[in-house]
Amino acid sequence: MKEKIRQMLEEALPLVDFDSDFLFSELDSLGVTTILMLLSDAYGITLDATDATPRNLRSLDSLARLVESKLNH
């Protein structure tokens, strides 16, 4: 799942370093919105502004955990 997320996000946001230790600091509001929309569409889950926390957007691992937690609910 992590690699699928990486590929999808790197295509949409080519200037973002997804290997950063703190991904959230690499993102502006448009980047955050893009990530939430792409993940929502790709996995059929609902993500909103309350999910756009530094903890959830810290890394690809945290994004994968967020998606998994939404899929399990």
Side-chain angles (χ1 to χ4, degrees):
M1 176 183 292
K2 180 179 162 183
E3 285 309 311
K4 180 181 176 185
I5 291 172
R6 173 190 294 278
Q7 182 179 28
M8 180 176 37
L9 297 182
E10 284 180 343
E11 287 177 18
L13 301 166
L15 299 178
V16 174
D17 177 11
F18 287 98
D19 292 317
S20 172
D21 289 336
F22 196 62
L23 177 60
F24 188 77
S25 66
E26 300 265 333
L27 301 170
D28 58 12
S29 59
L30 182 59
V32 170
T33 302
T34 300
I35 288 172
L36 295 179
M37 287 181 3
L38 286 171
L39 294 177
S40 292
D41 291 346
Y43 291 97
I45 57 177
T46 301
L47 295 171
D48 55 37
T50 61
D51 295 309
T53 64
R55 182 179 189 160
N56 287 338
L57 297 169
R58 182 177 185 93
S59 65
L60 284 172
D61 287 331
S62 62
L63 285 171
R65 283 193 300 272
L66 173 63
V67 170
E68 288 172 1
S69 73
K70 293 290 184 171
L71 288 171
N72 291 331
H73 281 105

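Side-chain contact between Glu3 and Arg6: present, with at least one pair of heavy atoms (C-beta onward) separated by less than 4.5 Å. Leu63 places a side-chain heavy atom less than 4.5 Å from the side chain of Leu9. Side-chain contact between Asp51 and Asp48 is present, with heavy atoms from C-beta onward closer than 4.5 Å. The shortest distance between side-chain heavy atoms of Leu13 and Phe18 falls below 4.5 Å.
The minimum heavy-atom distance linking Thr53 with Thr50 is given by the pair CG2-O, 3.5 Å. Counting all heavy atoms, side chain and backbone alike, Pro54 lies closest to Phe22 at CB-CZ, 4.0 Å.
Taking 4.0 Å as the cut-off between side-chain N and carboxylate O, Arg65 and Glu68 do not count as a salt-bridged pair. The existence of a salt bridge linking Asp21 and Arg58 is excluded, since no basic side-chain nitrogen approaches an acidic carboxylate oxygen closer than 4.0 Å.
Checked by atom type, the side-chain pair Asp61/Ser59 shows no donor-acceptor distance below 3.5 Å.
With values rounded to the nearest 0.5 angstrom, Ile5 atom CD1 is found 10.5 Å from Leu38 atom CG. For the atom pair Met1 CE and Leu60 CG, the distance stands at 12.5 Å (nearest 0.5 Å). Distance check: Leu66 CG to Leu39 CG gives 7.0 Å after rounding to the nearest 0.5 Å. Here Thr34 contributes atom OG1 and Asp28 contributes atom CG; the two are 8.0 Å apart, rounded to the nearest 0.5 Å.
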Donor-acceptor pairs under 3.5 Å, side chain of residues 40-47 to any protein atom, not counting sequence neighbours: which ones?
unit_1, atom_1, unit_2, atom_2, d
Ser40, OG, Leu36, O, 2.8
Ser40, OG, Ile45, O, 3.4
Ser40, OG, Leu47, N, 3.4

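The closest donor-acceptor contact from the side chain of Ser20 to the backbone of Asp17 lies at 3.5 Å or more, if one exists at all.
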